[in-house]
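Notes for the one structure printed next.
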Amino acid sequence: MSQAPTRADFDQYMVPNYAPQRAIPVRGEGSRLWDQEGREYIDFAGGIAVNGLGHCHPVLVEALTTQANKLWHLANVYTNEPALALARSLVERTFADKVYLCSSGGEANEAALKLARRWAHDHHGEHKHRIVSFSQSFHGRTFFTVSVGGQPKYSQGFGPVPGGIVHGQFNDLDSVRNLIDDDTCAVMVEPMQGEGGVIPADPAFLQGLRDLCDAFDALLIFDEVQTGAGRTGSLYAYQQYGVTPDILTSAKALGGGFPVGAMLTTDRVAPAMAIGTHGSTYGGNPLASAVALAAVGFIDTPEVLEGVKRRHDLFREHLETINRQHGVFKEIRGMGLLIGAEMAPEYEGRAKDILPLALEEGLMALIAGPNVLRMAPSLVIPEADIAEGMARLERAVARLVAGQ
Ligand SMILES: Cc1ncc(COP(=O)(O)O)c(C=O)c1O
């Protein structure tokens, strides 16, 4: 190829399932990115909560390049040192006794759901297969995970969905009491709904789910794909809630931008995933595992995790200042560096209109549904970048208000 690819190549060569912005970033460093034209952006999007340490963090570059010069891939006919070290590190840092490695959040959740069904099948019989999840939840794009996810727009139009899945209301324990029974094998929940609008679970709700699962011998699955790997100010959000799941899934910031996923579980549950029940060619890939090992080790320190909480306060203060000036937000919420600003009634559904304006001002941000502006920046974003990014956001919001 003689010329640099352009945005027009997307429309010509790529399946049209995405609608990317016009600008094509070509380089990143920390919380800044530069596009083909050399325009600079501050990154509050973090690759949708993936770039936990920003772009090209030296610790991750070192881990990746060192491993790249040693061994790239084996598949699971052999095990490898980085995968074993990552599994041990995750076990030592969490409730888990056993780890299954894969390459994405959807895959980690697929494994969790299959494990739950298989465990219940083996211990109780065929009848115990029902899964309770929640409206507005998001668990990935495989057919099982879109069916368990609570957003029908992602599961409809593909033929019959897998059966035995019911949806309760998030933060409404009574809705779960009405659904759960002896046939329930698992309850799957995000401790803070991400795609569904950045909505933290009430502590009593998660504890109530734990109690209901115990009462019906169902497994509690926490999807921490978005909330995990330091995002909320603890390595995993469950550690702040003090409610321990039977299965936890992690991806996104676990690899800091390198595709990796993990399913964590206990010695009570893991044996149901016996030899041959499940697998993935790339699961435990040495490159992915080496990067994730470095990311987890760097993030799970008081310095980084306290820094996340401090930055949360800064984000909130800036957003409140913008809101005092322009009155566009109804509520600012979230935990750690997963922050949502819900639009005020006059701007209902217009969070998405902020994104192109912000981009023109040199800021990348996200939405969580049409009504919530979402931010998921690097966990170590410099305070100067927060201030500059917020100045750019203020200009974008001012333009929204002025109708430009
Ligand atoms: C809570 C949650 N679970 C699962 C997924 C799916 O992860 P992936 O896109 O890596 O398959 C996402 C992605 O946004 C997510 O936010």
Side-chain angles (χ1 to χ4, degrees), residues 17-18 45-53 83 86-87 90 94 96 99-116 131 133-134 136-151 154-155 165 170 186-199 201 219-232 235-238 245-265 273 278-285 287-289 291-293 295-296 299 335-338 366 368-369 374 376 379:
N17 62 321
Y18 302 117
I48 317 188
V50 166
N51 299 99
L53 297 180
L86 174 61
L90 289 170
T94 66
V99 175
Y100 167 82
L101 295 173
C102 54
S103 309
S104 69
E107 262 188 89
N109 284 333
E110 184 81 19
L113 293 165
K114 283 180 71 181
L115 173 61
I131 292 162
S133 65
F134 296 93
Q136 298 307 319
S137 64
F138 185 81
H139 299 299
R141 296 293 203 129
T142 67
F143 204 32
F144 202 170
T145 56
V146 286
S147 309
V148 173
Q151 305 195 36
Y154 295 133
S155 59
I165 299 164
F170 191 68
V187 174
M188 180 177 244
V189 68
E190 296 158 84
M192 170 162 58
Q193 285 196 336
E195 302 301 306
V198 189
I199 305 171
L219 300 177
L220 181 59
I221 306 173
F222 281 176
D223 177 345
E224 293 230 30
V225 168
Q226 192 155 158
T227 56
R231 177 65 46 198
T232 65
L235 185 61
Y236 290 101
Y238 87 88
D246 301 290
I247 302 175
L248 180 149
T249 54
S250 184
K252 288 195 183 272
L254 180 63
F258 201 97
V260 66
M263 179 194 70
L264 282 54
T265 189
M273 199 170 258
H278 192 59
S280 159
T281 298
Y282 291 113
N285 168 276
L287 292 168
S289 301
V291 176
L293 178 69
V296 168
I299 290 167
M335 291 166 71
L337 286 173
L338 184 52
L366 298 166
R374 175 173 40 155
L379 307 181

Aromatic ring pairing H278/Y100, orientation class (parallel under 30°, perpendicular over 60°, tilted between): tilted

Qualifying residues under ring-ring contact (aromatic ring centres under 6.0 Å, His included), relative to Y236, sequence neighbours excluded: none

Which residues share a side chain to side chain contact (heavy atoms under 4.5 Å, CB included) with A253, sequence neighbours left out: A229

Spatial distance of atom CG (L220) from atom OH (Y238) [nearest 0.5 Å]: 12.0 Å

Nearest non-hydrogen partners of A108 and S250, listed with the distance: CB-O, 4.1 Å

Residue list, ring-ring contact (aromatic ring centres under 6.0 Å, His included) with F258, at least two apart or on another chain: none

Minimum-distance pair of heavy atoms, taken over all atoms of A116 and A186: CB-CB, 3.7 Å

Considering all heavy atoms, the nearest E107-C102 contact: OE1-CB, 3.5 Å

Partners passing side-chain hydrogen bond (donor to acceptor under 3.5 Å, both in side chains) against S133 (at least two apart in sequence or in another chain): H167

Shortest non-hydrogen contact from T145 toward G106: CG2-O, 3.7 Å

Listed partners of V99 passing side chain to side chain contact (heavy atoms under 4.5 Å, CB included), at least two apart: A87, L90, V91, L101, A262, L264

Under 3.5 Å: donor-acceptor pair, side chain of E224, backbone of T249: no

I247 CD1 to L219 CG distance, which is reported to the nearest 0.5 Å: 5.0 Å

Residues which pass side-chain hydrogen bond (donor to acceptor under 3.5 Å, both in side chains) with N285, listed by chain and number, not counting sequence neighbours: H73

N109 and M188, any side-chain heavy atoms less than 4.5 Å apart: yes

Spacing of CG belonging to L338 relative to OG1 belonging to T232, to within rounding of 0.5 Å: 8.5 Å

Least distance between heavy atoms, M263 atom then L115 atom: CE-CD2, 3.6 Å

Residues in side chain to side chain contact (heavy atoms under 4.5 Å, CB included) contact with V260, at least two apart in sequence or another chain: L254, A288, A292

Got a list of side-chain donor-acceptor pairs under 3.5 Å for residues 189-199, not counting sequence neighbours?
from, atom 1, to, atom 2, distance (Å)
E190, OE1, G194, N, 3.1
E190, OE2, F138, N, 3.0
Q193, NE2, S135, O, 3.1
E195, OE1, R374, NH2, 3.3
E195, OE2, Q226, NE2, 3.1
E195, OE2, R374, NH1, 2.8
E195, OE2, R374, NH2, 3.3

Partners meeting side-chain hydrogen bond (donor to acceptor under 3.5 Å, both in side chains) with T265 (sequence neighbours left out): none

Non-neighbouring partners of S147 that pass side chain to side chain contact (heavy atoms under 4.5 Å, CB included), sequence neighbours left out: F143, V161, P162, I165

For A251 against G261, the heavy-atom pair lying closest together: CB-CA, 3.9 Å

Straight-line distance of T142 OG1 to E110 CD, nearest 0.5 Å: 3.5 Å

Separation of L337 CG from T227 OG1 (nearest 0.5 Å): 13.0 Å

Heavy atoms of other groups near Y282 OH, more than 12 under 6.0 Å: no

Whether K252 side chain and G228 backbone form a donor-acceptor pair below 3.5 Å: no

Pairing residues for T94 by the side-chain hydrogen bond (donor to acceptor under 3.5 Å, both in side chains) criterion, not counting sequence neighbours: none

